[in-house]
A.B. asks: 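The structure is given below, and queries will be raised subsequently.
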Amino acid sequence: MAAEAKHFKYVILGGGVAAGYAAREFGKQGVKPGELAIISKEAFLNLTVKNYFQVAPYERPALSKGYLFPQNAARLPGFHTCVGSGGEKLLPEWYSEKGIELILNTEIVKVDLAAKTLTSAAEATFTYEILLIATGSSVIKLTDFGVQGAEYNNILYLRDIQDGEKLLAAMQAKKDGKAVVVGGGYIGLELSAALKINNFDVTMVYPEPWCMPRLFTAGIAHFYEGYYASKGINLVKGTYAAGFDADENGDVTAVKLKDGRVLEADIVIVGVGGRPLTGLVKGQVAEEKGGIKVRYSLLVRLPSFFFVCVSVLLSCDIGMVMTLFLSKKISQTDGFFETSVPGVYAIGDVATFPMKLYNDQRRVEHVDHARKSAEQAVRAIKAKESGETISEYDYLPYFYSRSFDVAWQFYGDNVGDDVLFGDNDPAAAKPKFGSYWVKDGKVVGVFLEGGSADEYQAIARVARTQPPVVDVEALRKDGLDFATKI
Ligand code: FAD
């Protein structure tokens, strides 16, 4: 006889960054013991003792940074959420004290939104009243494209702590060897630096003309490529991995490039992007831009409905004006993270949400949004229960990265004309430079390398307030002063 389903008022599906921040917000807003569960497949096989450990939510960015350091490496429980934003570290004890159930090492394989039921790979069933989908992303693998030899040993990826352990084991087995990093995005850049610090001979390969092309301009990339070269990292641009060679044990020995070159390799790390994990609810919920679409909630629909009724009843211009005003505003003011299915919320990497600042819909795969969307969704759930209203989500995009001795932050939108400022010479003793993006006569995005806390705050302010620019050359000359004076 099948075991009875376990029931919770709230279930968070996924146990990553968004889940940790959602749990903390539930804790703040008040949750009764037994009401909330986090169900996550996350587990950690300790390769030394060959034992599985269950893993409570942690700050994923640590995996490509401190986790790989040769000395003083970051290890759990040191980077459980919510330390990444300077908050309290939520250890498994925190969850048990609050009566929040952590159901870990449990993969959900079926979601039935109509029946409000989740089924695990081990055929356990869970029912809920309110579901938060926080399944994040999975890495894109070279095997997905049938790249020859992509299944050989030591061709690795990094998404979760299990991948991190495999990477550490390979680094240990191939000590001081040759590493090829496939992909020139932030994962590729951070992992190349980590491998170099661990004394590997590192080559990065990417097809684009410069690294991080989705964010970096040629001027920004000029600095990082020169800086990486000065650290001894070889950069191979304009081509890609078309196949691999291996020895008789199936261990990778070389990367065959599309342009015919062959790179020796003891380890290959692939960072070519991710895909949101939305498959479990495909066809059951509205999607947009590859993610789960979150709609505006009843909290903002009611006033609109009210004004429609007023305008119809009175046929008066004021009613029509208000209706038009509100419908325009509402089309910009979603962001309570409820999906097309009432009682089902989507947060973090999987959510396509309204970006109020730019009046469009976006999906963002970054940690800052994972944290903030989680908090917003829980506040919206609680507000709906108590009949209160909360402010809409008004997100300012924020990305960051650090490697070796350099660190940058970016705020806003990288659209329009870019205006490089400061000294982007890779040989600079104390690098400090940046870029503004100017669109329709306004600064809409700012990148800064080597800033202080105050300076990063200043560029965030600029991206938020979008000050006008009359003279682009003066902006270039003013550089960071333009931002600090706002
Ligand atoms: P995740 O944190 O990925 O959590 C998803 C959770 O869902 C996981 O626990 C997973 O096991 C679980 N899950 C998925 N499917 C199932 C299922 N079927 N059943 C049960 N559980 C399931 N962003 C930045 O802004 N800055 C950085 O420096 C940065 N560094 C990064 C470094 C690495 C190595 C990686 C991988 C990502 C990095 N990111 C960074 C991106 C950032 O970590 C993600 O955007 C963020 O983790 C998204 O949070 P999430 O909760 O949506 O997903």
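Numbering of ligands and ligand atoms starts at 1, following listing order.
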A.B. asks: Does ligand 1 have an atom that lies less than 4.0 angstrom from a heavy atom of S401?
C.D. replies: no
A.B. asks: Looking at atom 32 (C) of ligand 1, what's its closest protein heavy atom, distance included?
C.D. replies: S64 OG, 3.2 Å
A.B. asks: Considering the heavy atoms of L277, write down every atom of ligand 1 situated less than 4.0 Å from one of them.
C.D. replies: 14 (C), 15 (N)
A.B. asks: Given S40, P57, S120, A134, identify the one with the heavy atom nearest to atom 5 (C) of ligand 1.
C.D. replies: A134
A.B. asks: Do T117 and D112 have side-chain N/O donor and acceptor atoms under 3.5 Å apart?
C.D. replies: no
A.B. asks: Taking the ring centre of each residue, are F404 and Y228 less than 6.0 Å apart?
C.D. replies: yes
A.B. asks: Among protein heavy atoms, which lies nearest atom 12 (C) of ligand 1, and at what distance?
C.D. replies: G14 CA, 3.6 Å
A.B. asks: Would you check if the distance from the ring center of F353 to the ring center of H369 is below 6.0 Å?
C.D. replies: yes
A.B. asks: Which atoms of ligand 1 sit under 4.0 Å from any heavy atom of A370?
C.D. replies: 48 (C), 49 (O)
A.B. asks: Are Y224 and F216 close enough that their ring centers fall under 6.0 Å?
C.D. replies: yes
A.B. asks: For Y186, state whether at least one heavy atom is located under 4.0 Å from any atom of ligand 1.
C.D. replies: yes
A.B. asks: Give the numbers and elements of all ligand 1 atoms closer than 4.0 Å to a heavy atom of R159.
C.D. replies: 1 (P), 3 (O), 36 (C)
A.B. asks: Check each of I108, N105, I12, V55 against atom 17 (C) of ligand 1 and report the one with the nearest heavy atom.
C.D. replies: I108
A.B. asks: Is K65 near ligand 1, meaning one of its heavy atoms is under 4.0 Å from it?
C.D. replies: yes
A.B. asks: Ring centroid separation for Y206 and Y240, is it under 6.0 angstrom?
C.D. replies: no
A.B. asks: Numbering the atoms of ligand 1 from 1, which are under 4.0 Å from a heavy atom of I187?
C.D. replies: 32 (C), 33 (C), 34 (C), 35 (C)
A.B. asks: Counting heavy atoms only, name the option from D349, L132, I161 that's nearest to atom 52 (O) of ligand 1.
C.D. replies: D349
A.B. asks: Between ligand 1 and T106, can you find any atom pair, the residue atom being a heavy atom, that is separated by under 4.0 Å?
C.D. replies: yes
A.B. asks: Answer with yes or no whether the side chains of E59 and Y21 bring together a donor and an acceptor at under 3.5 Å.
C.D. replies: yes
A.B. asks: For the ring pair F447 and F410, is the centre-to-centre distance below 6.0 Å?
C.D. replies: no
A.B. asks: At less than 4.0 angstrom from any non-hydrogen atom of H366, what atoms of ligand 1 do you find?
C.D. replies: 23 (N), 24 (C), 25 (O), 45 (O)
A.B. asks: Salt-bridged, D454 to R461, with N to O below 4.0 Å?
C.D. replies: no
A.B. asks: What I want to find out is whether K237 reaches E225 closely enough, with some N-O distance under 4.0 Å, to be called a salt bridge.
C.D. replies: yes
A.B. asks: Go through ligand 1 atom by atom and flag the ones less than 4.0 Å from a non-hydrogen atom of G348.
C.D. replies: 52 (O)
A.B. asks: Within the 4.0 Å heavy-atom shell around G15, which atoms of ligand 1 are there?
C.D. replies: 6 (C), 7 (O), 8 (C), 9 (O), 12 (C)
A.B. asks: Just heavy atoms, cut-off under 4.0 Å: does K41 contact ligand 1 by side chain, backbone, both, or neither?
C.D. replies: both
A.B. asks: Given the side-chain rings of Y128 and F126, with only the six-membered ring counted for Trp, is the space between their centroids under 6.0 Å?
C.D. replies: no
A.B. asks: Hey, are E190 and R402 close enough for a salt bridge, meaning a charged N less than 4.0 Å from a carboxylate O?
C.D. replies: no
A.B. asks: Are H366 and F399 an aromatic pair, judged by ring center distance below 6.0 Å?
C.D. replies: yes
A.B. asks: Pick whichever of H369, E42, K110, E190 has a heavy atom sitting closest to atom 8 (C) of ligand 1.
C.D. replies: E42
A.B. asks: Given R60, Q162, R402, which one has a non-hydrogen atom that is nearest to atom 43 (O) of ligand 1?
C.D. replies: R60
A.B. asks: Could D266 and K178 be called an ion pair, given the rule that one side-chain N must be under 4.0 Å from one carboxylate O?
C.D. replies: no
A.B. asks: Could you find the nearest protein heavy atom to atom 51 (O) of ligand 1 and give me its residue, atom name and distance?
C.D. replies: A18 N, 2.8 Å
A.B. asks: Could you list which atoms of ligand 1 come closer than 4.0 Å to a heavy atom of L280?
C.D. replies: 18 (N)
A.B. asks: Is there a heavy atom of F399 sitting under 4.0 angstrom from any atom of ligand 1?
C.D. replies: no
